[in-house]
Novice: 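Here you go, one structure.
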Amino acid sequence: MTTFHWLFGDQLGPHFLTPGPGGPGRDEPLVMIEARSVFRRRRFHRAKAHLVLSAMRHRAAELGDRVRYVRCDTYREGLREAVGEGRVTVHHPTSHAALRLVESLGTVTVLPARGFLVPHGDFRAWADGLDGGRLRQEDFYRRVRRRRHLLMDGDSPAGGRWNHDHANREAPPRGAVTLGAPAPYRPREDDIDDEVRHDLDRWEHDGAARFVGRDGPRRFPATRREALAALRRFVDHRLAGFGPYEDAVLARDPVMSHSLLSSSLNLGLLDPAECVEQAEDAWRSGRAPINSVEGFVRQIAGWREYVWQLYWYFGDAYRERNALRHHAPLPDWFLELDADAVTARCLATALADVRDTGWTHHIPRLMVLGSHALQRGWDPRAVTDWFHRCFVDGYDWVMLPNVVGMSQYADGGRMTTKPYTSGGAYLNRMSDFCGGCAHRPTERVGERACPYTAGYWAFLHRHRSLLAGNRRTVQAVRGLDRLGDLGEVLRQERQRGDAPP
């Protein structure tokens, strides 16, 4: 009986078809399934739906007669149509739901995961060996560096340090409107993109799917060739300036020197190994400084890998964690990406970037969008779903630890040592948002009160007993006693509720 290999829509690179142990046969026939039910169940960003479908259809066109590409309602229906009673292999899927599906089918053999640097078993052995100790990302990152001999000089880290964050936390240049970095790679749309856009229009018209956000010209790679071009463009022209300002934000320069490779990595168009290896080569050949290269390597070999591993190690029940007991629903203006309803310049800008492109970099995600949700007490599961649906690089494995663990502190500190939220002073220091805003970062009450500054103190007060026992937040909690207007702040924030700030 013929065995088929199933390619999910985030397993699109050549490394998912490499033969050998744990891989499909060299000439094994392939199956790809485009299931409309995915878009019927949830309201995804239109640009994300476009990118995923374009990438899948481009890959099917490349594979030609080797692949059976099925467009259908559900995955089960598509698999029956494609292979009948045939046997199927698939590389370990990237979500708990997808894994449950393939394991329930009875005819599918799950092969080891690809597209990541560390096997699940290696991480589990390391984590279990800590005997309940904290799973520190820094410790894991160093372990990955040593095991893969990545940015190493013998047994020592290249450049003499494991961590170059001290050089990568600069505020944006004073008075700058843009960073002035060379432009990132931009793909050109083709007939497949036209077909995808026509189909999405038709689905919306027929009521078969609803989307949020705008679908302008495609901004992110949908093919291996495009992804490699984007990687080369970043390494050759943008990596050198990446490090110092990776935590800075400019309202009119949302991309700055960021790589924009996350969607290509998460679609499987790029292998993380080739990304970090090319970055290391740029340092060794003198084309990029160590702080920028280490910062980029840390994002992939450190944070991305860590999040992937925690997703599986913590298990599916992790999404139910809600240590702060936040249950408020997301307001309509946030769900609809209605940036025009928002006065606070930082939040309006970040929301508009999501609306228009399906992307912002990590600081607007964490310290603007996520911080506002945390301060307002929104349900972390709903916030996770929003990030998953609204970002082109958002997948369940990406967003569950990032949002539940880091952004919303819903696991009570299992992943991070403190809640990541702040008043307006941080945003004023690391961005140019506050200068053109109707609010003032130093004001807590009144018409010009910064919603982040007032929201920060209200959040600390609401969780005072919990945060007073955390050595990283105890000083901030003590600051509540020095606020003569705390009662006024709390009344103001209760009245504000979830109205757009």
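Basis for what follows: all heavy atoms, side chains included, without hydrogens, waters or symmetry-related copies. Numbering of residues begins at 1 and proceeds along the displayed sequence.
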Novice: Got a donor-acceptor contact below 3.5 angstrom from the Arg40 side chain to the Ala209 backbone?
Specialist: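 No: the side chain of Arg40 does not pair with the backbone of Ala209.
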Novice: Salt bridge check: are Asp316 and Arg100 linked by an N-O gap of less than 4.0 Å?
Specialist: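 A salt bridge links Asp316 with Arg100.
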Novice: Taking the six-membered ring where the residue is Trp, are the ring centres of Trp312 and Phe116 under 6.0 Å apart?
Specialist: no
Novice: For the pair Asp139 and Arg136, find out whether any cationic side-chain nitrogen is under 4.0 Å from an anionic carboxylate oxygen.
Specialist: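 Salt bridge: yes.
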Novice: Got a sec: does the CZ of Arg143 have more than 12 other heavy atoms crowding it under 6.0 Å?
Specialist: yes
Novice: Tell me, do Cys275 and Leu231 make a side-chain contact under 4.5 Å, heavy atoms counted?
Specialist: yes
Novice: If you measure from the Lys or Arg side-chain nitrogens to the Asp or Glu carboxylate oxygens, is any gap between Arg365 and Asp393 under 4.0 Å?
Specialist: yes
Novice: Mind listing the closest non-hydrogen atom pair of Phe220 and Pro187 along with its distance?
Specialist: O-CG, 3.7 Å
Novice: Using a 3.5 Å distance criterion without hydrogens, assess whether the side chain of Arg148 forms a donor-acceptor pair with backbone atoms of Leu117.
Specialist: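 It does hold such a pair.
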Novice: How far apart are the closest heavy atoms of Asp10 and Asn266, and which atoms are they?
Specialist: CB-O, 3.2 Å
Novice: Taking CG in Asp128 as the centre, count heavy atoms belonging to other residues, nucleotides or ligands within less than 6.0 Å. Is the count above 12?
Specialist: yes
Novice: Does Trp386 form a side-chain contact (heavy atoms from CB on, under 4.5 Å) with Met399? I'd like the steps, not just the answer.
Specialist: CA-CA 9 Å; Trp386 182 88; Met399 294 308 181; over 6 Å; no
Novice: Just say parallel, tilted or perpendicular for the rings of His258 and His361, cut-offs at 30° and 60°.
Specialist: parallel
Novice: Heavy-atom distance under 4.5 Å between the side chains of Tyr141 and Val297, does that happen here?
Specialist: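 Yes; the side chains approach each other to less than 4.5 Å.
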Novice: Less than 4.0 angstrom from a charged side-chain N to a carboxylate O is my criterion; do Arg46 and Asp201 meet it?
Specialist: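 Yes, Arg46 and Asp201 are salt-bridged.
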Novice: Within this structure, what is the CD-CG distance for the pair Glu246 and Asn291, rounded to the nearest 0.5 Å?
Specialist: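 Going from the CD atom of Glu246 to the CG atom of Asn291 covers 8.5 Å.
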Novice: Let me see the working for Arg76 and Leu101 under side-chain contact (heavy atoms from CB on, under 4.5 Å), right down to the final yes or no.
Specialist: CA-CA 9 Å; Arg76 290 179 185 272; Leu101 169 66; 3.8 Å; yes
Novice: Just by distance, do the side chain of Gln408 and the backbone of Leu374 share a donor-acceptor pair under 3.5 Å?
Specialist: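 Checked: pair present.
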Novice: Between Arg214 and Arg355, is any pair of side-chain heavy atoms under 4.5 Å apart?
Specialist: yes
Novice: Does a salt bridge link Asp396 with Arg319, judged by any charged N lying under 4.0 Å from a carboxylate O?
Specialist: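 Judged by the 4.0 Å cut-off on N to carboxylate O distance, Asp396 and Arg319 do form a salt bridge.
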Novice: Of all the heavy-atom pairs spanning Leu310 and Phe123, show the shortest one and how long it is.
Specialist: CD2-CZ, 3.8 Å
Novice: With side-chain contact (heavy atoms from CB on, under 4.5 Å) as the test, would you mind laying out the steps for Leu17 and Leu7 before giving the verdict?
Specialist: CA-CA 9 Å; Leu17 294 181; Leu7 286 177; 3.9 Å; yes
Novice: Centre of Phe387's six-membered ring, under 6.0 Å away, within 45 degrees of the axis: is that where NZ or CZ of Lys48 sits?
Specialist: no
Novice: Taking the side chain as C-beta and beyond, is there a heavy-atom pair between Arg252 and Asp432 under 4.5 Å?
Specialist: no
Novice: Look up atom CD in Glu195 and atom CG in Leu200, then write down how far apart they are to the nearest 0.5 Å.
Specialist: 10.5 Å
Novice: Kindly indicate whether the side chain of Arg114, heavy atoms from C-beta on, has any atom under 4.5 Å from the side chain of Thr18.
Specialist: yes
Novice: At their closest point, which heavy atom of Pro401 faces which heavy atom of Val307, and how far apart are they?
Specialist: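 Heavy-atom minimum between the residues: CG-O, 3.6 Å.
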Novice: What I want to check is whether the side chains of Glu28 and Thr89 have a donor and an acceptor closer together than 3.5 Å.
Specialist: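 On atom types as modelled, these side chains qualify, holding a pair under 3.5 Å.
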Novice: Has Asp253 got a side-chain atom pairing as donor or acceptor with Leu179's backbone, closer than 3.5 angstrom?
Specialist: yes
Novice: I need the minimum non-hydrogen distance between Met367 and Ser422, along with the two atoms involved.
Specialist: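 So the two residues come closest at CE-OG, 3.6 Å.
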Novice: Can you confirm whether the side chains of His45 and Asp215 place a donor and an acceptor under 3.5 Å from each other?
Specialist: no
Novice: Examine distances only and state if a side-chain atom of Asp122 and a backbone atom of Ala125 form a donor-acceptor pair shorter than 3.5 Å.
Specialist: no
Novice: With rounding to the nearest 0.5 Å, note down the distance linking NE2 in His164 to CG in Leu151.
Specialist: 8.0 Å
Novice: Which atom pair, heavy atoms only, marks the closest approach of Arg218 to His50?
Specialist: CD-CD2, 4.3 Å
Novice: Output yes when Arg224 and Glu62 qualify as a salt bridge under the 4.0 Å nitrogen-oxygen rule, no when they do not.
Specialist: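 No salt bridge links Arg224 with Glu62.
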Novice: Would Arg284 and Glu277 pass as an ion pair if we require N to O under 4.0 Å?
Specialist: no
Novice: Is Glu34 salt-bridged to Arg57, going by a charged N under 4.0 Å from an acidic O?
Specialist: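 Answer for the salt bridge query: yes.
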Novice: Determine whether a donor-acceptor pair (N or O, by modelled atom type, separation under 3.5 Å) exists between the side chain of Tyr452 and the backbone of Val368.
Specialist: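 The answer is yes, because a donor-acceptor pair under 3.5 Å joins these two groups.
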Novice: Are Phe8 and Tyr75 an aromatic pair by the rule of ring centers under 6.0 Å?
Specialist: yes
Novice: Is it the case that Ser285 and Arg287 place a side-chain donor and acceptor less than 3.5 Å from each other?
Specialist: yes
Novice: Indicate yes or no: does Glu305 engage Arg147 in a salt bridge with an N to O separation below 4.0 Å.
Specialist: no
Novice: Might you work through the side-chain contact (heavy atoms from CB on, under 4.5 Å) test for Met256 and Ile363, ending with a clear yes or no?
Specialist: CA-CA 12 Å; Met256 302 183 77; Ile363 294 300; over 6 Å; no
Novice: To the nearest 0.5 Å, tell me how far Cys346 SG sits from Leu427 CG.
Specialist: 5.0 Å
Novice: With heavy-atom distances below 4.5 Å as the criterion, would you say the side chains of Tyr395 and Leu267 are in contact?
Specialist: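 Yes, side chains in contact.
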Novice: Is there a donor-acceptor pair under 3.5 Å between the side chain of His91 and the backbone N or O of Pro24?
Specialist: no
Novice: Using a 3.5 Å distance criterion without hydrogens, assess whether the side chain of Arg68 forms a donor-acceptor pair with backbone atoms of Leu79.
Specialist: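 Flag not set: sc Arg68 to bb Leu79 has no pair under 3.5 Å.
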Novice: Considering only heavy atoms from C-beta outward, does the side chain of Phe242 approach that of Asn168 to under 4.5 Å?
Specialist: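 Result no, sub-4.5 Å side-chain heavy-atom pair not found.
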Novice: For the side chain of Arg414 and the backbone of Phe314, is there at least one donor-acceptor N/O pair under 3.5 Å apart?
Specialist: no
Novice: In plain terms, say whether Glu81 and Arg71 are close enough for a salt bridge, that is, a side-chain N and a carboxylate O under 4.0 Å apart.
Specialist: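 Looking at Arg71 together with Glu81, the answer is no, because their closest N to O distance does not fall below 4.0 Å.
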Novice: Between the side chain of Ser292 and the main-chain N/O of Gly243, is any donor-acceptor distance below 3.5 Å?
Specialist: yes
Novice: Can you say whether the rings of Trp308 and His120 are parallel (under 30°), tilted (30 to 60°) or perpendicular (over 60°)?
Specialist: parallel
Novice: Given the rule in the salt bridge (Lys or Arg N to Asp or Glu O under 4.0 Å) test, do Glu294 and Arg161 qualify, once you have shown the distances and angles that lead to the verdict?
Specialist: CA-CA 9 Å; Glu294 191 276 323; Arg161 304 175 66 112; over 6 Å; no
Novice: What distance do Trp6 atom CH2 and Thr109 atom OG1 have between them, rounded to the nearest 0.5 Å?
Specialist: 12.5 Å
Novice: When you compare the side chain of Gln11 with that of Arg59, does any pair of heavy atoms fall below 4.5 Å?
Specialist: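 SC-SC contact between Arg59 and Gln11 ruled out.
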Novice: Could you tell me whether Arg134 atom CZ has more than 12 heavy atoms of other residues or ligands within 6.0 Å of it?
Specialist: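 Count over threshold, so yes.
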Novice: Roughly how far apart are Asp236 CG and Tyr185 OH, rounded to 0.5 Å?
Specialist: 14.0 Å
Novice: Parallel, tilted or perpendicular: which describes the rings of Phe140 and Trp126, with under 30° parallel and over 60° perpendicular?
Specialist: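 Phe140 vs Trp126 ring planes: tilted.
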